[in-house]
Every structure is written in structure tokens, then in C-alpha cells.
Amino acid sequence: MSEQELNINELKKVRMDKLAELREAGIEPYGGRFERSSTAQIVKDKFAEMEGRTVKLAGRIVAKRRHGKAGFADLQDFSGNIQLYFRKNDIGEAKYELFKRLDIGDILGIEGQVFRTNKGEISVHVADLVYLSKSLLPLPEKWHGLKDVELRYRQRYVDLMVNPEVKQVFIKRSKIIKEIRNYLDSKGFLEVETPMMQPIPGGAAARPFITHHNALDMDLYLRIAPELYLKRLLVGGFEKVYEINRSFRNEGISTRHNPEFTMLELYQAYADFEVMMDLAEDLVSTVVQRVNGTMTVEFEGRKIDFSPPWKRVSMLEAVKEYTGVDFNLIKGGEEARRAAENLGLEIKGNASWGEIINEVFEEFVEDKLIDPTFIYGFPVEISPLAKRNAENPELTDRFEVIAVQREIANAFSELNDPIDQRERFLKQVEKRNMGDAEAHMMDEDYINALEYGMPSAGGMGIGIDRLVMIITGSPSIRDVILFPTMRPRE
RNA sequence: GGGCCAUUAGCUCAGUAGGUAGAGCACCUGACUUUUAAUCAGGGUGUCCCAGGUUCGAAUCCUGGAUGGCUCACCA
């Protein structure tokens with residue numbers, strides 16, 4: 001006997017006794033296959049034709065009301081709840097005894113006639129029942145449900161049982177991802193899978209997780225983005241690819257950050273960032289419309305309108321609009337620093353013109369943007385994989401979509417010049433050597449791929465969890481991830 | 001990582017000045033053959049997050065720690 005079983009509490013002990021009783025009566029408490037003829041929701045929706053007919057349902061008992069020689073129970077299946085009616089005279093002594101000993105949480109298969117009670121509740125008059133699973137632990141309270149957020153995340157299975165709205169969020173999440181796939185597939189994109197374990201983690205500025213492969217005796221990194229592999233596929237001749245899957249970043253946890261998160265990345269040969277703008281607008285608004293039935297969503301008490309077209313404004317214009325400072329007229333890091341400091345910002349010692357503009361943008365503009373807005377023209381220093389703008393080589397043809405003060409998409413014309421790319425990597429390596437753990441590593445094989453020639457292309461990344469947050473109105477990323485990362489208990 | 005807050009029965013929560021813990025639901029016993037937060041009668045089932053300290057005495061005060069939430073920093 002384990003320590004766990006010795007510390008068994010009273011409530012569990014009672015159920016263990018009932019489990020033993022069942023076995024003694026020759027009843028298997030953990031049944032097998034059960035062929036259902038219907039579900040709770042179908043019986044209720046189609047009552048007119050179901051009334052009087054015999055149905056077989058299966059599900060969990062979530063409530064029980066006994067009245068002497070008859071009683072009711074609520075059966076919950078994935079579709080919803082339905083009431084069961086047990087009557088001793090009809091079901092017989094032995095089976096009625098089973099009903100009396102039934103615990104909330106037990107999973108049953110039942111067979112009975114559909115009817116409506118005097119009070120109008122559509123119910124099933126049970127004629128037979130089989131045990132499919134005996135529950136040994138008590139469920140949370142029927143009225144308040146499970147509120148303790150820690151328990152809700154740690155034991156999501158209980159959360160899902162007793163808080164129906166949680167289930168709806170994850171059903172919607174599944175629909176969102178399905179609609180994204182439908183959309184991209186219909187546009188001729190090919191879904192691919194690229195390595196999650198990478199010898200050189202690239203495609204984003206982030207600290208990676210490290211793991212070890214024993215047989216090869218080598219360290220591998222969990223990917224921080226699929227980007228560089230997806231672009232290798234463009235080199236290989238795939239013209240429209242996408243991947244929806246997990247990336248991992250070894251950073252802090254917050255309401256907007258989980259160490260593992262789901263991202264969509266897509267690449268389209270012979271396109272550019274403006275094609276990506278049209279695509280972002282159409283993709284996201286289509287998905288919102290299909291999932292919510294409208295192009296507006298409610299988030300934190302605000303209405304956000306995803307109807308195209310979305311506003312398009314350059315980063316420098318946006319900064320000018322909100323701070324009055326025109327960085328077009330400001331040359332070099334020193335002058336930019338003074339301008340930023342005049343705005344009340346503290347700037348790191350070695351920050352460049354582009355980095356400073358980005359900081360000013362994030363500080364003064366980002367939290368003003370509610371409806372989805374394209375911000376384009378990102379500085380080259382913070383965009384090591386994006387193509388330079390033809391008129392201003394200090395800027396790149398890159399944009400982000402900002403909605404509800406947060407980035408929901410990031411896209412650019414892909415840098416396909418191997419010589420420029422090598423220089424950009426070298427700049428990153430320099431920063432890395434200066435102690436920036438999030439700067440890119442040199443990826444010789446990626447350069448090698450570019451040297452074979454990568455078609456001009458547009459690419460885009462969308463954080464799925466954050467998109468789901470907005471569409472479902474969830475304030476925390478943990479509300480849209482079934483099993484968010486937690487410290488283990490004990 | 002910093003700041004603030006929380007942790008009491010299976011769940012949701014009270015808790016006096018520091019005096020040895022309580023309610024509702026769940027659970028157990030009994031009554032009740034159409035109830036639905038069923039009702040009625042009876043029963044409290046506890047490592048008050050953990051470890052020290054102060055005190056005659058700590059759920060309560062102090063120190064340290066754990067876990068979680070929010071927030072700032074960083075990022076997507």
C-alpha cells in the first residue's frame with residue numbers, strides 16, 4: 001500500500017467501499033465499450049421525434065436528487081446535460097439500489113425512454129444502467145464550481161468537467177486553427193513540419209531551451225521559431241508553405257507568455273510584405289467572421305473591429321503622430337538618443353538609431369492601438385532576416401499587426417541576399433558576444449541555402465495563442481492553453 | 001528577477017482582542033414515487049501552505065521558505 005493510500009481521506013474511503021460492493025455484487029465498475037444511440041443535446045433538440053423512444057446514452061453523473069422510491073440524476077456528456085429518472089417500481093429493486101449508491105462523478109451507460117416531466121424537463125426514464133467508471137474523488141461544488149486558478153490549471157480535467165465555459169474556449173480554439181488551415185489550404189499553401197530540435201536555434205530574438213541527445217552526444221535546442229527551416233523549403237522549390245506548431249522560449253511567464261506557445265508561420269515565394277498585408281487582413285478577418293459570426297470581438301470591455309481594410313501607417317509616421325518627433329529628420333544614434341531622452345525615455349548606452357525608434361514606438365504608440373493596425377517600416381537593426389527598403393536601407397519592408405495593444409502578426413519581405421544575410425548574422429554575433437543572449441547565432445547552413453538562391457518571398461508569423469485570446473475574450477494566455485506550464489507541486 | 005496580494009474541510013468561503021476553528025455545497029444515517037441549487041431531521045469529516053520565533057497560549061503577531069495570482073522588467 002502506498003503512502004497515498006494510507007493517507008486516504010474519509011470521502012475517498014466511502015467510495016472505495018462502494019467500489020468493493022460493486023465487485024462483490026458481480027458488477028464491473030470499469031466497463032468497456034458502450035454503443036450510444038444518441039447524446040444529451042440531440043435528445044433535447046429533437047424531443048418531438050424522440051419522445052417515447054428508447055435511447056442509449058453515456059456520460060458522467062453530475063447531480064443527484066433522491067425522493068425515496070424514485071429519483072433524478074443529471075447526466076453530462078460532451079454535448080451537454082440531460083436529466084435521468086429512476087423509479088423503483090419500473091427499474092426493479094436491484095438496479096434501484098445501484099442508483100441509490102451512485103456517486104456524483106460516476107460514469108454510466110444508460111438505456112431508457114425519452115419523456116418530459118410534469119415540470120417540463122426533458123428526461124430519460126432509465127430502464128437499465130451499466131457502470132463505465134466508478135469515480136473515487138469528490139467533484140467540486142455544483143454551484144460555485146472550481147474557482148481556484150491554480151487547481152484549474154493543474155487539474156484542467158476537473159476544470160473542464162465543472163466549468164462549461166472553459167470547454168467552449170477550447171472548442172473555439174480548435175475551430176480557429178481549423179479555419180486557418182482551411183483558409184491556407186484553399187489558397188494553395190502546403191502544411192509542413194520542420195525540426196523542433198535544432199542544432200542552431202534561429203528565426204527570432206529569444207533565449208532557447210537546451211536539451212541533449214545521448215546517442216549523438218550533442219546538445220540540441222528546442223526551436224524558438226521555424227522560420228529558417230521554412231525558408232530552406234523555399235530554396236528547395238516549395239512556393240507556398242506554412243506550419244502551425246509549437247515554439248519554445250526560455251523566458252518569463254506572464255498573462256501573455258507561456259514557455260511553449262503555438263505559432264503560425266507561412267511563406268510565399270515571389271510575394272512581398274504588401275502581399276502579406278493583404279493576406280493577414282483577409283486571413284484574420286475571415287477566421288474571426290467564421291468563428292464568431294461577426295468581424296467584431298469583445299475584449300476587456302472594448303469592441304475590436306477586424307473588418308478590412310486595416311489602417312496602414314509607417315512606424316516613423318506613427319511615432320511622429322504620437323510624440324510629435326519626426327525621426328526622419330534625425331540622423332544617427334546620438335541625435336536619436338537625445339530626442340528619446342527629451343521624451344523622457346532612458347536609453348541603453350550602445351543603442352542605435354533603429355533600436356531607439358523601436359523603443360519610442362513601443363513606449364508611446366503600441367498601447368494606443370486598439371483596432372488592428374499595420375505598422376510597417378521596421379529598423380534594420382531589429383530585423384535581421386528582413387529585406388531592406390529600396391528607398392531607405394536603414395528600414396526594412398517589415399510590418400507588425402497591432403491590435404488591442406499587442407502584436408498579433410509579424411511579417412516581411414524575406415531577405416534573400418546571402419551576402420547581406422551573412423553581414424546581418426555577423427552583427428548579431430557581435431551583439432551576442434557583447435552579452436545579448438537573445439541575439440542570433442551564425443547559421444552557415446542557412447547562408448549556404450541562400451547561396452543556392454532563395455526566391456524573393458513574403459513571410460508572416462501569427463501567435464495563435466494570442467489570437468485565440470482576443471477572439472475568445474480571454475485575459476490570460478493560460479486560459480487558452482489546456483495545460484499551461486506550472487511548477488510541479490511538492 | 002522586483003513589488004503587491006492570496007493560501008483555513010473534497011469545493012466555495014467566514015473567522016473574534018492571541019484563548020485551541022465555522023457556514024453552504026458535497027459526504028454519511030433516516031424520511032419522501034415527477035424533482036431540478038429538491039425538501040425535512042440528525043452527523044464536522046481539518047497538517048488553518050511549510051519551518052522556525054515571540055507568548056502561559058498562535059489560523060491570528062514576527063522571520064524565513066513554498067506555491068499561485070496580479071503587476072513591472074523582457075519578449076511573441
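Residue numbers begin at 1 in each chain, while the letters A, B, ... track the order of the sequences. For the numbers below, each heavy atom of this structure counts, side chains included, while hydrogens, waters and symmetry mates do not. These numbers were taken from a predicted model, which means no experiment stands behind them.
Nucleotides B/U36 and B/U20 have their C1' atoms positioned 42 Å apart, rounded to a whole Å. B/U63 and B/A41: their P atoms are spaced 48 Å apart (whole Å).
Looking at A/E111 and A/T54, their side chains never bring a donor and an acceptor atom within 3.5 Å of each other. Of the N and O atoms on the side chains of A/N245 and A/R223, not one donor lies less than 3.5 Å from an acceptor on the other residue. No side-chain donor-acceptor contact under 3.5 Å links A/Y376 and A/D397. There is a side-chain donor-acceptor pair under 3.5 Å between A/S123 and A/Q83.
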Mark up nucleotides 3-10 of chain B, 5' to 3', with B wherever a protein heavy atom is under 4.0 angstrom from a base atom, S wherever such an atom reaches only the sugar-phosphate, and - elsewhere.
-------B

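Both A/E260 and A/M486 lie near RNA chain B, and the one whose nearest nucleotide falls closer to the 5' end is A/M486.
Counting non-hydrogen atoms under 4.0 angstrom, A/T255 reaches the backbone sugars and phosphates but no base.
For a distance-only test at 3.5 Å, the side chain of A/R87 qualifies as a donor-acceptor partner of the base of B/U33.
Atom-to-atom distance recorded for A/L283:CG and A/L184:CG is 5.5 Å, nearest 0.5 angstrom.
As a whole-Å value, the separation of A/L137 CG from B/C27 C1' is 13 Å. Distance, A/K88 NZ to B/U34 C1': 18 Å, rounded to whole Å. Atoms CZ (A/R256) and P (B/A73) sit 11 Å apart, rounded to a whole Å. Atom CD in A/E346 sits roughly 11 Å away from atom P in B/C74 (whole-Å rounding).
Phosphate contact (OP1/OP2 of B/C32, side-chain N/O of A/K100, threshold under 4.0 Å): absent. Between B/C70 and A/R478, a contact under 4.0 Å exists linking OP1 or OP2 to a side-chain N or O. OP1 or OP2 of B/G68 lies within a sub-4.0 Å distance of a side-chain N or O belonging to A/R154. Phosphate proximity of B/C11 to A/K147: absent, as no side-chain N or O sits under 4.0 Å from OP1 or OP2.
RNA chain B is contacted by A/R65, A/R66, A/H67, A/G68, A/K69, A/A70, A/F72 of residues 55-79 of chain A, taking any non-hydrogen atom closer than 4.0 Å. Of all the residues in residues 115-128 of chain A, A/F115, A/T117, A/N118, A/K119, A/E121 reach under 4.0 Å from RNA chain B with at least one non-hydrogen atom.
Take A/R116 and apply the side-chain contact (heavy atoms from CB on, under 4.5 Å) test, not counting sequence neighbours, and it matches A/F47, A/I122. Among residues two or more places apart in sequence or in another chain, the side-chain hydrogen bond (donor to acceptor under 3.5 Å, both in side chains) test is passed with A/T472 by A/S474.
Ring centroids of A/Y322 and A/F361 are separated by 6.0 Å or more, keeping the two rings apart.
Remark: of the listed residues A/Q113, A/K95, A/H125, A/H125 is the sole one forming a side-chain hydrogen bond (donor to acceptor under 3.5 Å, both in side chains) with A/D90.
Consecutive pairing runs in RNA chain B reach the stem threshold at B:1-7 with B:66-72, B:10-13 with B:22-25, B:27-31 with B:39-43, B:49-53 with B:61-65, where a stem means at least three Watson-Crick or G-U wobble pairs with distances under 3.5 Å.
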